[in-house]
Amino acid sequence: MTTVTNEDAERIRERARFIREETIRLISIAKVGHYASAFSCAELLAALYYDVLRLRPQEPGWPDRDRFLFGKGHAAVGWYPILADLGYFPKEELDGYTRLGSPFGDHPDMRRVVGCDFSSGSLGHALSTGLGMAIAGKMRHRDYRVFVMLGDGELHEGQIWEAAMAAGHRSASNLIAIVDRNEHCLDGRVDDIVGLEPLAARWEAFGWSVSEVDGHDPSAVLEALRGIADDEERTRPAVLIAHTVKGKGVGYMESEIGWHLGYLVEPDEQRALAEVRGAA
Amino acid sequence: MSTSADLHEGSWHLLSVLDQSPGLHALGDTLADLADEGHPIVACTADLKYSNGLNRFEERHPDRFLQFGISEQNMVTASGGIASCGEVPYVATFASFLALLCCEQIRMDVAYPGLPVRLIGHHAGIALGFYGTSHHATEDLAIMRSIPGLSVVAPADAAELAAALRATVDHPGPIYFRLGRGREPRVYEDGTEFVLGEARSHYEGSELTVVATGSTVHPALMAVEALRARGQDVGLLAVPTIKPFDRERVLAAAQGSRRLLTVEEHNVVGGLGGAVAEVLAQAGAGTPLTCHGIPDEYCLIGPPTHLYRHYRLDAEGIEAVAQELL
């Protein structure tokens with residue numbers, strides 16, 4: 001594993017700011033969107049796409065590419081701009097976000113979005129999808145890794161634990177889950193609704209290698225993800241529990257639950273942009 | 001301590017009676033043959049390999065057999081992931097758990113992405129008789145045929161199952177196969193032809209044409225032959241593909257017959273009868289139609305053969321229903 005330099009961390013911080021800015025811009029087109037869900041995983045997405053994942057944007061179907069599955073697909077508004085930025089499709093296409101016939105809906109569609117490895121939108125499926133890809137990779141002796149970003153509220157879905165149990169049993173070491181532990185779902189705090197703790201112990205009990213990180217600290221996120229991805233000695237699937245803040249970057253979104261979904265009129269949008277830029 | 005060796009003839013356990021579903025041997029055997037020929041087949045099951053015959057595939061291709069345990073939803077979604085990487089998964093479990101429990105996984109992770117996953121729903125209809133409503137699947141045709149992009153196939157016997165598996169091995173999209181309990185009497189010879197989307201006319205009949213699918217083809221054939229032996233001009237159209245539906249052959253039967261009678265081991269709502277009704281109505285064909293099957297209710301429990309007699313889905317029952325229409 002290579003050492004994380006200040007330049008590496010600064011790049012992730014800057015790309016996370018780009019993700020937040022683009023999220024605000026795209027939601028201004030749709031006039032409704034998941035600001036807070038995208039903001040909580042901005043550093044995680046930036047670290048994956050600008051550092052960790054082995055990709056060839058000019059060859060989207062490359063069989064040995066790392067896979068990325070967005071379990072919490074409702075945060076796709078913060079992910080499409082990355083794909084455009086990396087060259088999977090022209091940036092201008094994003095200007096039609098959610099408009100009639102656009103490939104870009106609130107949830108990602110693999111048949112419409114170049115660079116999308118699998119459709120999502122119904123919570124609880126993606127870890128199973130990732131498990132299938134991990135099994136197929138081992139079957140064909142391919143060395144790609146499968147990264148699955150899960151929301152913490154999504155962990156209420158029973159199918160997650162079916163997949164977790166099966167992956168542990170199969171020693172699916174090429175499967176890496178990242179939990180965006182922002183502690184909030186739609187109706188309130190995740191752990192008030194149905195408690196997840198002791199979360200790390202639960203994953204461990206299912207046969208996973210568990211680590212935790214401050215999901216907004218670029219250096220720590222890079223170090224954690226590189227460490228997991230490049231650990232060739234590991235024989236178990238790995239999960240990174242990333243402690244995050246829902247709505248990170250905009251003060252009132254960080255403190256009010258309702259911002260799971262919302263819309264900002266222009267002056268408020270400008271204020272949010274100023275905060276996001278100031279935070280970077 | 002007693003041992004199995006002390007038991008008397010007639011006592012049995014699951015693994016001592018693997019031949020009770022011989023018709024399903026065609027599933028494991030055909031898939032193993034196709035894998036031998038180089039097709040990238042992966043066989044998946046959820047703790048039912050002895051019930052669906054995939055143990056026979058596992059014996060020949062252990063490295064391409066996946067046991068998911070009792071987690072059907074995980075299995076169906078994972079099969080989508082596997083298919084997206086270039087393999088062709090065949091996912092088998094009881095039809096009730098596949099088509100009903102995993103309906104949303106089928107829609108989101110198999111059909112909507114258009115992946116070449118084959119969903120094998122076996123022991124469909126009331127084949128699990130006295131196991132009860134949890135194990136009956138009398139709604140699966142209606143559910144599966146309303147999912148866009150998903151083909152629906154119901155072979156009549158082992159020979160047609162083998163032919164259908166072989167004929168569709170390279171089909172680029174997903175398919176739901178509806179199978180019985182593997183004890184269906186033979187209708188076709190080994191090596192019979194199957195073409196996705198094509199119905200098979202056994203007899204043409206000016207007075208009545210019986211339209212059957214899957215497990216009802218054999219008893220319908222017996223019933224039609226009995227009626228014909230008595231001089232009544234009754235036809236039989238077998239429909240192994242429920243989707244895409246063979247509109248032309250159904251309309252041809254309707255034009256040549258005074259009445260149609262659909263026969264299916266399924267709720268009379270939304271299955272074969274529903275598909276025929278849609279075709280007739282939209283073509284403006286005035287041919288009267290009678291839909292025979294399971295009434296719109298939860299079935300009685302009982303041994304399958306007793307249930308078939310009760311619901312008039314055996315040869316005598318179908319013959320009686322047809323006779324009433326003549």
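Convention: sequence-line order gives letters A, B, ...; per-chain numbering from 1. All figures in this text were calculated on a predicted structure; none of them were measured in a lab.
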Are more than 12 heavy atoms from other residues, nucleotides or ligands located less than 6.0 Å from atom [atom1] of [X]?
X	atom1	result
A:Ile193	CD1	yes
A:His169	NE2	no
B:Arg107	CZ	no
A:Phe89	CZ	yes
B:Ile301	CD1	no
A:Glu232	CD	no

Taking all non-hydrogen atoms of both residues into account, name the closest pair between [X] and [Y] and its distance.
X	Y	result
B:Gly114	A:Arg111	O-NH2, 3.8 Å
A:His125	B:Thr77	O-CG2, 3.3 Å
A:Phe118	B:Gly81	CE1-N, 4.0 Å

Side chain / backbone / both / neither for [X] at chain A, heavy atoms under 4.5 Å:
X	value
B:Pro40	both
B:Asp109	both
B:Gln105	both
B:Val76	neither

Between atom [atom1] of [X] and atom [atom2] of [Y], what is the distance when rounded to the nearest 0.5 Å?
X	Y	atom1	atom2	result
A:Met165	B:Asn74	CE	CG	8.5 Å
A:Arg140	B:Cys85	CZ	SG	10.5 Å
A:Ile135	B:Phe68	CD1	CZ	4.5 Å

So, the side chain of B:Gln73 versus the backbone of A:Gln159: is there a donor-acceptor pair under 3.5 Å, distance only?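 No: the side chain of B:Gln73 does not pair with the backbone of A:Gln159.
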I'd like to verify something: which residue of B:Met108, B:Met75, B:Arg64 has the highest number of heavy-atom pairs under 4.5 Å with chain A? B:Arg64
Chain B contact via A:Arg112 - which portion, at a heavy-atom distance below 4.5 Å: side chain
Residue from A:Ser128, A:Ala166, A:Gly61 scoring the most non-hydrogen pairs under 4.5 Å with chain B is A:Ser128
